[in-house]
Amino acid sequence: MSSQKPSVVLIGDETHESIAIQAELLQATGFATLGATTQKRLVSLAQRYQPDVILLDIVLEDVSGFAVCRALKENEVTADIPIIFLSNKAELPVKVEGFESGGADFMTRPFQSAELISRIQNQVQLRRLINEREGHIRELHELLDQKDKVMQVVSHDLRSPLGGIKGLAEMLETGSESEDPETVRDFAQSIRQTSESLLGLVNDLLDIAKLESGKMSLSVSEFEIRELVMQCIETMQLLAYKKSVSLEMHLGHEDEEVWVQADRPKLMQVFNNILSNAVKFTPSGGTVSVEVSHDKAVRIEFRDTGVGIPPEVLPHLFE
């Protein structure tokens, strides 16, 4: 038993003399002790110090130990503290009442000191195991919450490109665009690029264990950022068309290539999310624009004429 953090035993008995005798025995074995002869004092100490075990006589100065036990078990702060009853009475009805009131164990006097210490240590160990189990359960719930959040993000990320693919396929199937070979090629290219993006998202979903453990790695490559922005704009064109929202690009001089080093699929995922939300919350007749500029750093600016993000939400945007 660690001397730095000894287990605490709260002793409840009818007299201070009896408490002192029990405390001397327990302290010699390495326990820290508290004592009380009344219900009010005992409940107060239990709430304040959260002892590991309560050693409780069936008779206190002002009330029965059974009544005290019931009061402790009805209080959520002290309900989980194990209580060992001590009594001079060995009759079965007395023991039954002790357990029915919430006691974890029952000993009759006279008792062997070694047995008392052993029973106290068993209750201490049991409570620690229960606390550890509850801690593991809380961790599992937190992991499940994280998993749910990841699934929500992935579902959102899958919905937009799938809608784009479906829309392009419908236009090829029923629209006049299917009669123009160049338009068909452009649509096919957009479908292929969007499908590649979806494949990347599915791969992220397969790596969900890495996300939960905080070990998700970046796949950094060098690419032309304006080409990526144009690809994202093309993916959102049909969604914007259906809402009568104008999509605009401001990419600087056409002959100025802007190369960056980043994780291309994840950056595409971010841009598609921003554009999807911008189109979704921009009313018909509105405008969504993307501007790429660069000096010492590359700046990608998204603007829309929608309702905007509530100010109270902004601090939590990147959580």
Side-chain angles (χ1 to χ4, degrees), residues 148-205 223-252 254 258 262-293 299-311 313-314 316-318:
D148 288 342
K149 290 176 182 177
V150 171
M151 293 302 295
Q152 290 172 9
V153 171
V154 172
S155 298
H156 178 275
D157 292 343
L158 289 172
R159 191 178 299 115
S160 296
L162 280 173
I165 291 174
K166 181 175 181 291
L168 289 171
E170 288 175 350
M171 293 176 70
L172 286 173
E173 184 180 20
T174 61
S176 59
E177 292 84 355
S178 60
E179 300 174 4
D180 182 2
E182 185 175 348
T183 300
V184 171
R185 282 194 298 270
D186 289 342
F187 278 20
Q189 184 180 26
S190 294
I191 290 173
R192 178 185 59 79
Q193 291 172 340
T194 306
S195 298
E196 290 174 352
S197 175
L198 281 172
L199 180 60
L201 291 176
V202 171
N203 288 333
D204 281 347
L205 185 58
F223 57 92
E224 212 282 320
I225 189 69
R226 298 187 311 167
E227 181 272 332
L228 176 62
V229 172
M230 286 189 289
Q231 184 176 336
C232 294
I233 290 285
E234 290 171 1
T235 302
M236 294 295 157
Q237 283 286 6
L238 182 61
L239 180 64
Y241 173 78
K242 287 183 174 181
K243 284 203 63 180
S244 299
V245 171
S246 174
L247 277 178
E248 298 179 356
M249 292 184 291
H250 306 282
L251 305 180
E254 293 184 2
V258 183
D263 188 317
R264 193 180 191 280
K266 288 185 174 60
L267 203 56
M268 175 181 284
Q269 186 176 340
V270 171
F271 290 172
N272 280 336
N273 283 343
I274 294 174
L275 283 170
S276 174
N277 284 331
V279 173
K280 179 180 179 181
F281 292 103
T282 296
S284 297
T287 302
V288 175
S289 65
V290 186
E291 180 178 353
V292 178
S293 58
R299 178 184 178 91
I300 297 96
E301 186 170 333
F302 298 82
R303 292 179 178 271
D304 65 70
T305 56
V307 296
I309 300 174
V313 175
L314 287 173
H316 307 287
L317 200 58
F318 294 99

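Looking at Gln237 and Ile233, their side chains come closer than 4.5 Å, going by heavy atoms from C-beta outward.
Every salt bridge (charged side-chain N to carboxylate O under 4.0 Å, His left out) that Arg299 has, sequence neighbours left out, goes to Glu301. Judged as a side chain to side chain donor-acceptor pair (under 3.5 Å), and not counting sequence neighbours, the contacts of Glu224 are Arg226. Residues meeting the salt bridge (charged side-chain N to carboxylate O under 4.0 Å, His left out) test with Asp186, sequence neighbours left out: none. A search for side-chain contact (heavy atoms from CB on, under 4.5 Å) contacts involving Ser289 returns Glu248, His250, Arg303, not counting sequence neighbours. Residues passing the salt bridge (charged side-chain N to carboxylate O under 4.0 Å, His left out) test with Lys242: none are found, sequence neighbours excluded. Checked against side chain to side chain donor-acceptor pair (under 3.5 Å), Gln189 has no partners two or more places apart in sequence or in another chain. Residues passing the salt bridge (charged side-chain N to carboxylate O under 4.0 Å, His left out) test with Glu291: none are found, sequence neighbours excluded. By the side-chain contact (heavy atoms from CB on, under 4.5 Å) test, Pro310 pairs with Glu312, Val313, sequence neighbours left out. Taking Lys280 as the reference, nothing meets the side-chain contact (heavy atoms from CB on, under 4.5 Å) condition, with sequence neighbours excluded. Ser190 meets the side-chain contact (heavy atoms from CB on, under 4.5 Å) test with Leu168, Glu234; sequence neighbours excluded.
In this structure, CE on Met268 lies 11.0 Å from CG on Asp263, to the nearest 0.5 angstrom. For the atom pair Ser195 OG and Ile165 CD1, the distance stands at 3.5 Å (nearest 0.5 Å). Atom-to-atom distance recorded for Ile225:CD1 and Ile300:CD1 is 4.5 Å, nearest 0.5 angstrom.
Across all their heavy atoms, Met236 and Leu275 have their closest contact at CG-CB, 3.8 Å.
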Please determine whether side chain to side chain contact (heavy atoms under 4.5 Å, CB included) holds for the pair Thr282 and Thr287, giving the CA-CA distance in whole Å, both sets of side-chain angles, and the decisive distance to 0.1 Å. CA-CA 7 Å; Thr282 296; Thr287 302; over 6 Å; no
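For residues 264-283, the pairs satisfying ring-ring contact (aromatic ring centres under 6.0 Å, His included) are Phe271-Phe302, with sequence neighbours left out.
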